> 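Got a structure for you, questions after.
What you see is a predicted model; the values in this text were computed from it and never measured.
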Amino acid sequence: MSADLGDRLKSTRKRRGLSQRELANNSGVSLSLIRKLEQGDRAGVRLETLRKLAIALRTRTSTLQAGRADAEYADAETSDVWEPVRRALAGLDANDTIDEQPTNAGVHAAYEALMPMIDEHRYGETSAVLPALLCDADALTDHEGRAIRARLLSMTGWMLTQNRQFDIAAMTLDQAIDAAPERGIAVGAVNVLVWSALRQGRLDIARELAVKWADDIEPRFSRATVSQLALWGRLWLYVANVGVRDNSPGETEDALSLARAAADRIGHEVLYDPNPNRLFGPVTVAQITGECAVIAEQPSKTLAIAESLPTTVLSPTAAGRLRHRLDVANAHTQLRQHGEATHTLQQLRTAAPEWLAQQRYARDILGTIVHQRRTLTDEMRELAELVRLEY
């Protein structure tokens, strides 16, 4: 990878007729970092940095990236919390002496009972309950049982991705797709798999998977159910996410337009899965439009969108809603409105502290605030501790 990135960067820069210093001036990336990258030192290079270089070089981020991931894996403390779940998924703690055979109704009821924990992002409690439930779900083999097991595995894959357990999450989501007795249930897991790839910075993989499945399930609007429209529209929102990170603004606008058409057809926010975080509708599309804007360094547009959104929304603690508040904090940071950014982060800390602690995005925002300010407030220092900002 080190040779790939260095060679690609140097070759593209030369073909654009730019010196290293000119590329540094045009991109905002330091000259010293550009020199290191071209010499094969890729330590610590971020997707955001590659995107800035790609914009200056008028190429795609993925052209420079060459398949490189940008994942931040879980710290030891988080990994320990999810160890029992990983063991259950691997079949290491299966109970061969069960007195009573699990039933579809019993597993489904236990699955439904998890939803308040998931809605409130109580990861410690959820990880304690999941192992026994996953073992029980393995015993369900009929059509209804497979549907329950697939949804449980999909939700587990979502939780593992949220907690940066990317490898086991991918395996779990593959199992969910395989277990699903219906395409609609499988697409729910595919959506999580696309999001997981995107969260790791695997842009080409995320794009290919999202477009393939969006094409496969493209609904006929006159006949499509709300769930079909939502699953299809959500995939296009991921394509928009990929496009803005990959310096492909046309792709981003096209994907947002398709998602917006599905949302307008539905007309309101809907849950397309029992997981309270799986939302789609006009508000979701507006929030992702705001996310794309802040990634493209258009913070005023993001703040204008946030201001226009309704204050009462379905599932206010859904991960997408919380992520939107991070976009707002980032927009304030880009405008050097540090007090407003800190206030937004403090609201997130109150609403979902376990969720916030797992967000690399929050660390990036606070890292920027630390870099920009001469002194920090007590709130800023406390938030930096919560999200485990290293420097």
> Where the side chain of R13 meets the backbone of L18, is there a donor-acceptor pair that is under 3.5 Å apart?
yes
> Dump the intermediate steps for salt bridge (Lys or Arg N to Asp or Glu O under 4.0 Å) on R122 and E120, then the final yes or no.
CA-CA 6 Å; R122 287 147 48 193; E120 297 172 9; 2.7 Å; yes
> Among L173, T161, L134, T126, which residue satisfies the side chain to side chain contact (heavy atoms under 4.5 Å, CB included) criterion with T156?
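So the option named by the test is L134.
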> Is a side-chain donor or acceptor of E22 paired with a backbone partner of S19 at a separation under 3.5 angstrom?
yes
> What donor-acceptor contacts under 3.5 angstrom involve side-chain atoms of residues 272-286, with partners at least two apart or in another chain?
from	atom 1	to	atom 2	distance (Å)
Y272	OH	R278	NE	3.4
D273	OD1	N275	N	2.8
N275	OD1	N277	N	2.9
N275	OD1	N277	ND2	3.0
N277	OD1	A319	N	2.6
R278	NH2	G188	O	2.5
T284	OG1	E269	OE1	2.7
T284	OG1	R321	NH1	3.3

> State, with a plain yes or no, whether a side-chain heavy atom of L114 is found less than 4.5 Å away from one of L130.
yes
> Give the cluster check for L133 versus I148: same hydrophobic cluster or not, with ILVMFWY residues linked at side-chain heavy-atom distances below 4.5 Å.
yes
> Checking Q372 against H338 for the side chain to side chain donor-acceptor pair (under 3.5 Å) test, could you report, in this order, the C-alpha distance in whole Å, the side-chain angles of both residues, the deciding distance, and whether it holds?
CA-CA 9 Å; Q372 290 178 348; H338 300 140; 2.5 Å; yes
> When you check the gap from the basic side-chain N to the acidic O, do E48 and R245 get nearer than 4.0 Å?
no
> As an exercise, state the distance from CG of D136 to CD of Q101, rounded to the nearest 0.5 Å.
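These two atoms lie 9.0 Å from each other.
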> Do side-chain atoms of N247 reach the backbone of R60 as a donor and acceptor pair under 3.5 angstrom?
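Absent.
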> Indicate yes or no: does D75 engage R164 in a salt bridge with an N to O separation below 4.0 Å.
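Looking at R164 together with D75, the answer is yes, because their closest N to O distance falls below 4.0 Å.
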> Establish whether L152 and I177 are linked, either directly or via other cluster members, by ILVMFWY side-chain heavy-atom contacts under 4.5 Å.
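Cluster IDs for L152 and I177 match.
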> Under a 4.5 Å cut-off applied to non-hydrogen side-chain atoms, are L37 and L53 in contact?
yes
> Count I, L, V, M, F, W, Y as connected when their side-chain heavy atoms are under 4.5 Å apart, and connections chain through other members. Are V226 and L258 then in the same cluster?
yes
> Got a second to check how far T342's OG1 is from M380's CE, nearest 0.5 Å?
3.5 Å
> Check for a donor-acceptor pair, side chain of S27 on one end and backbone N or O of L23 on the other, with a separation under 3.5 Å.
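Answer holds: yes.
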> Quick check: do Y361 and N330 have side-chain heavy atoms less than 4.5 Å from each other?
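Counting from C-beta outward, Y361 and N330 do come under 4.5 Å.
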> Determine, step by step, whether T225 and S227 satisfy the side chain to side chain donor-acceptor pair (under 3.5 Å) criterion, reporting the C-alpha distance in whole Å, the side-chain angles of both residues, the deciding distance to 0.1 Å, and the verdict.
CA-CA 5 Å; T225 65; S227 179; 5.0 Å; no
> Is there a donor-acceptor pair under 3.5 Å between the side chain of T333 and the backbone N or O of R336?
no
> Quick check against the 3.5 Å criterion: does Q228 have a side-chain atom that pairs as donor or acceptor with the backbone of P219?
no
> What is the ring orientation for W232 with W236, classed by angle as parallel under 30°, tilted 30 to 60°, or perpendicular over 60°?
perpendicular
> Is the shortest distance from a Lys or Arg side-chain nitrogen in E83 or R86 to a carboxylate oxygen in the other one below 4.0 Å?
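A salt bridge is present here (some side-chain N lies under 4.0 Å from a carboxylate O).
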> With respect to L326, which candidate in L356, V294, D364 satisfies the side chain to side chain contact (heavy atoms under 4.5 Å, CB included) definition?
L356
> Is there a donor-acceptor pair under 3.5 Å between the side chain of S248 and the backbone N or O of V244?
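Answer holds: no.
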> Is there side-chain contact between T302 and Q298, with at least one heavy-atom pair below 4.5 Å?
no
> Got a donor-acceptor contact below 3.5 angstrom from the Q20 side chain to the L31 backbone?
no
> Following the transitive rule for hydrophobic clusters with a side-chain heavy-atom cut-off under 4.5 Å over Ile, Leu, Val, Met, Phe, Trp and Tyr, establish whether M159 and V107 coincide in one cluster.
yes
> Charged N to carboxylate O under 4.0 angstrom, D246 versus R207?
yes
> Exactly one of R46, R199, R363 should register a salt bridge (charged side-chain N to carboxylate O under 4.0 Å, His left out) with E72. Which one does?
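One option only clears the test, and that one is R363.
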> Just verifying a value: how many Å separate L303 CG and Q337 CD, rounded to the nearest 0.5 Å?
6.5 Å
> Working note: K212 + D216, criterion salt bridge (Lys or Arg N to Asp or Glu O under 4.0 Å); need CA distance, chi angles, decisive distance, verdict.
CA-CA 6 Å; K212 174 187 178 299; D216 285 350; 3.1 Å; yes
> Within the distance-only criterion (no hydrogens, no angle test), does the side chain of R146 pair as donor or acceptor with the backbone N or O of A179 below 3.5 angstrom?
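Yes; at least one donor-acceptor contact below 3.5 Å.
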> Is any side-chain N of the basic residue among D327 and R323 closer than 4.0 Å to the acidic one's carboxylate O?
yes
> Taking it one step at a time, do D7 and K10 satisfy salt bridge (Lys or Arg N to Asp or Glu O under 4.0 Å)?
CA-CA 5 Å; D7 290 345; K10 184 185 297 184; 5.6 Å; no
> Can you confirm whether V328 sits close enough to Q347 that some side-chain heavy atom of one is under 4.5 Å from a side-chain heavy atom of the other?
no
> Roughly how far, to the nearest 0.5 Å, is CG of D167 from CD of Q200?
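Between Q200 CD and D167 CG, I get 7.0 Å after rounding to 0.5 Å.
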> Tell me which one of E354, Q358, Q359 satisfies side chain to side chain donor-acceptor pair (under 3.5 Å) with Q162.
Q359
> Check the pair L322, H121 against side-chain contact (heavy atoms from CB on, under 4.5 Å), reporting the backbone distance first and the verdict last.
CA-CA 11 Å; L322 301 176; H121 303 279; 3.5 Å; yes
> Answer yes if V387 and L383 sit in the same cluster of Ile, Leu, Val, Met, Phe, Trp and Tyr residues linked by side chain heavy atoms under 4.5 Å apart, and no otherwise.
yes
> Return the minimal non-hydrogen interatomic distance between A180 and I185, and the atom names on each side.
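Looks like CB-CG2, 3.9 Å.
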> Below 30° counts as parallel, above 60° as perpendicular, anything between as tilted: where do the rings of W195 and W158 land?
parallel
> Quick check: do H332 and P299 have side-chain heavy atoms less than 4.5 Å from each other?
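With C-beta onward as the side chain, the pair stays apart.
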> Applying side-chain contact (heavy atoms from CB on, under 4.5 Å), run through V85 and I168 and close with a yes or a no.
CA-CA 10 Å; V85 176; I168 189 67; over 6 Å; no
> Quick one: does any side-chain atom of S154 pair with a main-chain N or O of A150 as donor and acceptor, under 3.5 Å?
no
